[in-house]
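Each remark here refers to the structure printed beneath this line.
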Amino acid sequence: MEYGKLNIRVVSDNSGFPIPDATIRVTSENEPENTIEEALTNDEGQLNGIELEAPPVDYSMEPSANKPYAEYTITISAPGFESVEINGAEIFSGETALQDASLLPLATGKTDSAELFVIPDHTLWGDYPPKIPESEIKTVEETGEIVLSRVVIPEYVVVHNGPPSDSGAQDYYVKYKDYIKNVASSEIYSTWPLATIQANVLAIQSFTLNRVYTEWYRNKGKDFTITSSTAYDHKWIPNRNVFESISRVVDDLFSNFLARPNVQQPILTQYCDGKNVTCPNWLSQWGSKSLGDQGYSAIDILRNYYGDSIYINSTDEISGIPSSYPGAPLRQGDSGEKVRQMQHQLNVISNGYPMIPKIAEDGVFGPATEEAVKTFQRIFGLTQDGIVGFRTWYKISEIFVGVSRIAELL
């Protein structure tokens with residue numbers, strides 16, 4: 001028997017703060033009456049390391065007649081909050097799935113009834129429309145709408161949960177990194193080689209940033225950034241679980257995109273699965289997996305499909321972040337304004353996450369600061385080394401901005 005793991009994090013939709021003692025119940029899609037796990041979240045609103053049966057990992061390594069993941073139902077409830085039920089959470093053998101849940105406070109006099117989210121089939125398993133071909137470089141016209149003069153990583157994208165013509169589809173405001181993690185978890189398998197995951201994440205990011213840069217849909221009179229239709233954009237699924245291996249790649253690469261010489265806009269890097277649909281000159285997902293198996297690097301995989309002129313570019317223009325990464329990791333013994341800023345942000349975050357100890361904002365990275373960093377890293381699933389590298393810096397910034405905004409509203 002093979003197993004995967006499930007980590008769950010529960011927060012209040014109003015405050016963004018963790019909800020301790022929330023009840024988590026996990027059942028199999030095949031046996032809904034049989035409770036596999038029932039437990040409470042800890043003081044950080046988390047329940048980690050739930051072991052769940054999964055099909056053999058080999059099922060996800062090549063196109064197969066066997067579904068490569070198991071599906072589970074997760075029910076989350078807490079006193080004073082509306083419950084959430086998620087059907088179809090995916091578990092792969094040897095992988096850690098990450099399920100975040102944001103609970104709405106229960107209105108006075110209202111009885112609790114679980115809000116239901118149904119996760120459809122993974123795009124490599126289910127039947128989805130093939131992408132409609134588009135030019136990889138867009139003509140940017142002066143239409144009176146704002147078209148960016150430089151590449152900016154947005155804080156949020158507005159996702160239209162349907163095709164562009166469906167005026168009744170709901171729009172969701174989604175943090176950019178969360179959007180990329182969701183799409184990548186919906187469109188590739190987390191069991192694939194690291195270089196393959198990196199190549200696919202870069203293609204997804206570049207496509208998305210082209211939509212942002214060109215204001216593609218807004219220039220057509222729409223009020224959203226991108227859609228969840230695979231015919232036009234990428235598959236994005238509300239409240240689906242993502243995977244730790246994919247999440248880590250996105251945290252490392254989120255400021256990157258694909259470019260060509262003398263072209264300012266990110267390249268609209270389209271792709272297909274390479275099995276049900278073939279797409280010359282586009283990335284093939286199954287093909288990229290085969291190249292990863294052969295030891296190709298991410299850029300070599302991408303150049304195999306998009307040509308030798310494609311390269312990886314990056315931007316420091318990241319919306320919603322108080323200050324950009326200092327350029328080198330901060331660690332014990334360092335000092336200066338960047339250390340002071342990081343200490344201040346950790347102290348603000350500790351108001352919502354009291355397990356993080358308060359520290360002096362003196363600009364000196366001493367043992368107390370290192371301990372606070374390690375606690376933060378543990379809570380948010382980062383490597384607990386006490387060093388503020390790229391991934392930790394931007395996660396601190398992200399959580400700080402969220403906690404600060406909530407504080408302003410209270």
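What's counted below: heavy atoms across the whole structure, side chains too, no hydrogens, waters or symmetry copies.
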Phe81 pairs by side chain to side chain contact (heavy atoms under 4.5 Å, CB included) with which of Ile19, Leu106, Ile76? Ile19
Worked check of side chain to side chain contact (heavy atoms under 4.5 Å, CB included) between Ser255 and Ile318: CA-CA 8 Å; Ser255 62; Ile318 302 171; 4.3 Å; yes
When the aromatic ring centroids of Tyr172 and Trp236 are compared, is their separation below 6.0 Å? yes
Whether the side chain of Thr315 engages the backbone of Val151 through a donor-acceptor N/O pair (distance < 3.5 Å, no angle test) should be reported. yes
Ring geometry between His234 and Tyr271 (parallel below 30°, tilted from 30 to 60°, perpendicular above 60°): parallel
Nearest 0.5 Å, please: how far is CD in Gln343 from CD1 in Ile359? 5.0 Å
Below 3.5 Å, can you tabulate the donor-acceptor pairs from side chains in residues 274-281 to any protein atom, sequence neighbours excluded?
residue, atom, partner, partner atom, Å
Asn276, ND2, Asp273, OD2, 3.2

Over 12 foreign heavy atoms within 6.0 Å of CD, Glu62: no
Using side chain to side chain contact (heavy atoms under 4.5 Å, CB included) as the criterion, point out the one residue from Tyr176, Tyr213, Phe257 that pairs with Thr208. Tyr176
Aromatic ring proximity Phe380/Tyr353, centre distance under 6.0 Å: yes
Result of checking Tyr232, Phe224, Tyr173 against His160 for ring pair (Phe, Tyr, Trp, His ring centres under 6.0 Å): Phe224
Does the distance from a Lys or Arg side-chain N to an Asp or Glu carboxylate O, for Glu155 and Arg405, drop under 4.0 Å? yes
Are any side-chain N or O atoms of Asp252 and backbone N or O atoms of Val249, one a donor and one an acceptor, separated by less than 3.5 Å? no
Taking the six-membered ring for Trp and the single ring otherwise, decide whether the centroids of Phe254 and Tyr179 are under 6.0 Å apart. no
Please give me the minimum heavy-atom distance between Ser314 and Asn256, naming the atom from each residue. CB-OD1, 3.0 Å
Salt-bridge criterion met for Glu136 and Arg260 (N-O under 4.0 Å): yes
Nearest 0.5 Å, what's the CD-CZ distance between Gln384 and Arg378? 6.5 Å
Sorted by chain and residue number, the side chain to side chain contact (heavy atoms under 4.5 Å, CB included) partners of Pro32 (sequence neighbours excluded) come out as none
Would you be so kind as to tabulate the donor-acceptor pairs closer than 3.5 Å made by side chains of residues 84-100, with sequence neighbours excluded?
residue, atom, partner, partner atom, Å
Asn87, OD1, Thr73, OG1, 3.2
Glu90, OE1, Arg240, NH2, 2.8
Ser93, OG, Glu2, OE1, 2.6
Glu95, OE1, Ser190, OG, 3.2
Glu95, OE1, Ser245, OG, 3.1
Gln99, NE2, Asn239, O, 3.1

Would Lys181 and Ser247 satisfy side chain to side chain donor-acceptor pair (under 3.5 Å), going step by step from the backbone distance to the final call? CA-CA 6 Å; Lys181 292 175 183 181; Ser247 178; 3.1 Å; yes
Using 30° and 60° as the class boundaries, would you call the ring planes of His122 and Tyr189 parallel, tilted or perpendicular? tilted
Is Arg340 salt-bridged to Glu337, going by a charged N under 4.0 Å from an acidic O? yes
Looking at Phe207, is Lys131 sitting on its ring face, NZ or CZ under 6.0 Å from the six-membered ring centre and within 45 degrees of the normal? yes
